[in-house]
Amino acid sequence: MRSILAAGLTALMLAALPGAAAVTVKKSEYAKLPDGAVTMFTVTNAKGMEAKIITWGGVLVSLKTPDRKGTLADVVHGHDSLGDYRADTGTYFGALVGRYANRIGGAKFQLDGKTYKLPVNDGANGLHGGTLGFDKRNWSGREVPGGVELSYTSKDGEEGYPGTLKTIVTYTLTEENALRIHYTATTDKATVVNMTNHTYWNLRGEGDILNHLVTINADKYTPVDTGLIPTGELKDVTGTPFDFRKPMAPGARIKQADEQLKRGNGYDHNWVLNRTGKGLELAGRVEETTTGRVLEVFTDQPGVQFYTGNFLNGSVKGKGGKPMNQRTALCLETQHYPDSPNKPTFPTTTLKPGEKYDTTTEFRFSVK
Ligand code: GLA
């Protein structure tokens, strides 16, 4: 009797613990490769929220989350097949981006007196880890409580970067409707690391994002040159179309005659997050008023790239073969500032042997 009572109590206590209730993880084959397979992990919580992650590029393929009536919709851009993900070299839909996400000016940097040259894949610059960055690799995947752990070892010299980098990224879904991404990496030679997830969000699940209400917790941003490389200045957002400290529709000012908006073809800039400590703090919030879906992004990173899908022009097809048009999604890529390896005044992205790159970003969903 006692033991039955005790077991019942334990079950009750477990159920009351946040995140301890049943998040289920299902594994299936997504596609075959000549030397293995791409695995899909379907992670579901008791509220019906569901995330699908594949080992190819660590891509978040779909994320279903309820609106204020409880109706689920897929709120991320993606493709229907591995072939489409492989053929798409420009969008980075849902992918884990590395070794260095965002741009490195002139596609080169110096470390300990040596110059490292990277693939030139964006004008004169290096973008998103190179031609075969982390988004174009098949990671090893295994189920962990509440999610999936992905690992990838990037060889010394791969895509021009020094040092063998052992990377582990864990996606977990919580019972409170948060998708947590935890990144770690270690190296055997000094290198630079800046990883992110490149999900394209559309909280309505269709149409454009010009009326989503966006808040970015930042007093400053990093203005860019014509190649979208930060000039080095941390510019006050006050009185500019970059002031998102109060909820604002991206569409409200995106067409303003502003030199920075012109350079980015819209919003495609890094914001300098207001931070008070080292832990997870609010980077941004997105609200979609017709469905009531709200996304809050929490991170320990110093910056966030807010990108309004300016380069989408319908030529890339998404799920169901639908043309992905301009501004049909927005990205909030938590990260270090672009071109940090060439900007001594920016927080450092150097990782040395014996150190651990360790960072977390959480995408928290709710309704209003
Ligand atoms: C980032 C960049 C953009 C673009 C997208 C991918 O957000 O800042 O300029 O390259 O990735 O298309």
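Count residues from 1 along the sequence. Hydrogens, waters and symmetry mates play no part in the numbers below; they use all other heavy atoms, side chains included. Each ligand, and each atom within it, is numbered from 1 in the order the structure gives.
- Looking at Gly90 next to ligand 1, an N or O pair under 3.5 Å apart turns up.
- A side-chain donor-acceptor contact under 3.5 Å links Glu281 and Thr276.
- Classification of the Phe242-Tyr267 ring pair by plane angle, with boundaries at 30° and 60°, yields perpendicular.
- Atom numbering of ligand 1 starts at 1 in the shown order; those under 4.0 Å from a heavy atom of Arg103 are 2 (C), 3 (C), 8 (O), 9 (O), 10 (O).
- Taking any N or O of Gln305, backbone or side chain, at least one lies under 3.5 Å from an N or O belonging to ligand 1.
- A distance below 6.0 Å separates the ring centres of Trp201 and Phe365.
- Below 4.0 Å from some heavy atom of Tyr200 lie the following atoms of ligand 1, by number and element: 6 (C), 12 (O).
- Between Asp156 and Thr164, the side chains place no donor N or O within less than 3.5 Å of an acceptor N or O (distance only, hydrogens not considered).
- Considering Leu330, Asp268, Thr91, Asn310 only, the shortest heavy-atom separation from atom 9 (O) of ligand 1 involves Asp268.
- The distance from ligand 1 to the heavy atoms of Tyr92 drops below 4.0 Å at these ligand atoms: 6 (C).
- From the protein, the heavy atom lying nearest to atom 10 (O) of ligand 1 is Leu127 CD2, 3.5 Å.
- Against a heavy-atom cut-off of under 4.0 Å, Glu333 is close to the following atoms of ligand 1: 1 (C), 7 (O).
- Close approach of ligand 1 to Phe311 (heavy-atom distance below 4.0 Å) involves ligand atoms 3 (C), 4 (C), 9 (O).
- Among Thr191, Thr349, Asn194, the one residue that satisfies the side chain to side chain donor-acceptor pair (under 3.5 Å) test with Arg99 is Thr191.
- Aromatic rings from Phe93 and His79 are positioned such that their centres are separated by under 6.0 Å.
- Between His198 and ligand 1, a contact under 3.5 Å exists for at least one N or O pair.
- Taking the centre of each ring, Trp56 and Tyr85 stay at or above the 6.0 Å mark.
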